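A quick note: this is a predicted structure, and the numbers were derived from the prediction, not measured. Lettering follows sequence order; numbering is per chain, from 1. What's counted below: heavy atoms across the whole structure, side chains too, no hydrogens, waters or symmetry copies.
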There are 2 protein chains.
Amino acid sequence: MQDALRQFKADFFQALAHPTRIAIVEQLREGELSAGTIIERLGIEQANASQHLAILRAKNILVNRKAGNQVFYSVRDRRIIEILDIMRQYFHAHMSEVLATLRAIDKAGKVRR
Amino acid sequence: MQDALRQFKADFFQALAHPTRIAIVEQLREGELSAGTIIERLGIEQANASQHLAILRAKNILVNRKAGNQVFYSVRDRRIIEILDIMRQYFHAHMSEVLATLRAIDKAGKVRR
DNA sequence: AGTTAATATTCGAACTTTCGAATATACCAC
DNA sequence: GTGGTATATTCGAAAGTTCGAATATTAACT
């Protein structure tokens with residue numbers, strides 16, 4: 001029983017364990033957007049976006065609504081936004097690590113100065 | 001910049017994206033415990049526990065303190081507990097899915113009735 | 001120094017995730 | 001129905017995660 005609950009929680013975290021999926025959820029903070037708008041705003045491949053959206057749908061983090069040609073996505077439960085908000089505080093509190101990550105990315109990208 | 005922040009968040013979620021690691025953090029809710037106590041309470045392999053603890057340490061979710069022979073672990077920031085609390089509400093709100101997961105596990109375990 | 005207890009690390013096999021390219025499906029307008 | 005636009009799915013290669021078995025490290029005790 002505990003095991004099932006933990007598996008459920010782990011699946012939830014796994015669903016958000018990718019920068020693109022976090023970016024998608026953040027885009028949907030103010031309300032629904034079409035798949036096309038999300039793709040355009042994030043500047044990612046269509047297939048890739050669609051795969052990430054499928055994962056977020058499968059874990060019930062997003063819901064979708066079809067309207068003619070398009071599919072509109074939104075966050076199912078406001079608590080998910082709430083969790084991301086707490087994490088923002090958390091990140092500010094540990095900004096030095098965020099900056100370390102930043103530097104690591106910078107280095108990996110071979111941006112010399 | 002946004003990218004680094006998202007990578008940092010994704011890493012955080014990734015760190016919690018495993019049932020054993022969630023179980024470890026939950027064990028530490030009331031305060032620090034030795035590695036041995038965690039292993040005993042969860043009934044897992046020593047090497048496996050140590051690997052999961054290493055991941056949680058690397059992502060700065062846990063901190064450790066050596067005392068002689070033993071290593072005591074604790075959750076670094078109470079906001080992590082807070083996030084897990086919100087998730088508990090979230091799970092209660094979506095209990096039907098949790099139950100579906102439970103049934104799936106039950107089935108996979110071949111527990112007939 | 002030798003032994004035991006507690007914890008960490010390394011290795012390799014099995015499994016899962018990620019990506020873009022290609023293809024499929026669905027809907028609309030003509 | 002043909003053509004176009006929006007989105008989803010399938011495939012296979014590359015990269016990442018997970019596990020237990022074996023081994024290493026560290027500290028305490030004799």
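In this view, A:Ser34 and A:Thr37 satisfy the side chain to side chain donor-acceptor pair (under 3.5 Å) rule, not counting sequence neighbours. For B:Ile39, the side-chain contact (heavy atoms from CB on, under 4.5 Å) partners two or more places apart in sequence, or in a different chain, are B:Gln46, B:Ala49. Remark: B:Leu84 pairs with A:Phe13, B:Val25 by the side-chain contact (heavy atoms from CB on, under 4.5 Å) rule, at least two apart or across chains. Qualifying side-chain contact (heavy atoms from CB on, under 4.5 Å) partners for A:Gln89, counting only residues two or more places apart in sequence or in other chains: B:Arg79. Legend: residues meeting ring-ring contact (aromatic ring centres under 6.0 Å, His included) with B:Phe12, ordered by chain and number and at least two apart, are A:Tyr90.
Sorted by first and then second residue, the salt bridge (Lys or Arg N to Asp or Glu O under 4.0 Å) pairs with a member in residues 36-54 of chain B form an empty list; sequence neighbours excluded. Note on residues 15-35 of chain B: pairs passing salt bridge (Lys or Arg N to Asp or Glu O under 4.0 Å), not counting sequence neighbours, are A:Arg6-B:Glu26, A:Lys9-B:Glu26, B:Arg29-B:Asp85, B:Glu32-B:Arg65. Sequence neighbours left out, not one pair with a member in residues 55-87 of chain B passes ring pair (Phe, Tyr, Trp, His ring centres under 6.0 Å).
Looking at heavy atoms from C-beta onward, A:Ile38 lies in side-chain contact with A:Leu28 at the 4.5 angstrom threshold. Looking only at side-chain heavy atoms (C-beta outward), A:Val71 and A:Leu53 stay at 4.5 Å or farther from each other. Counting heavy atoms from C-beta outward, B:Ile24 and B:Leu62 have side chains that approach closer than 4.5 Å.
Using a 4.0 Å cutoff on non-hydrogen atoms, the parts of residues 62-69 of chain B near DNA chain C are B:Asn69, ordered by number. Taking a 4.0 Å limit (strictly below) on heavy-atom distances, residues 37-56 of chain B reaches DNA chain C at B:Gln46, B:Ala47, B:Ser50, B:Gln51. DNA chain D lies under 4.0 Å from no heavy atom of any residue of residues 13-26 of chain A.
Closest heavy-atom contact between B:Ala10 and A:Ile22: N-CD1, 3.4 Å.
Using a 4.0 Å heavy-atom criterion, one finds that A:Tyr73 contacts the sugar-phosphate atoms exclusively.
Here chain A contacts DNA chain C (any atom closer than 4.0 Å to a heavy atom, that is under 4.0 Å), and the contacts span C:dT18 to C:dC28 from 5' to 3'.
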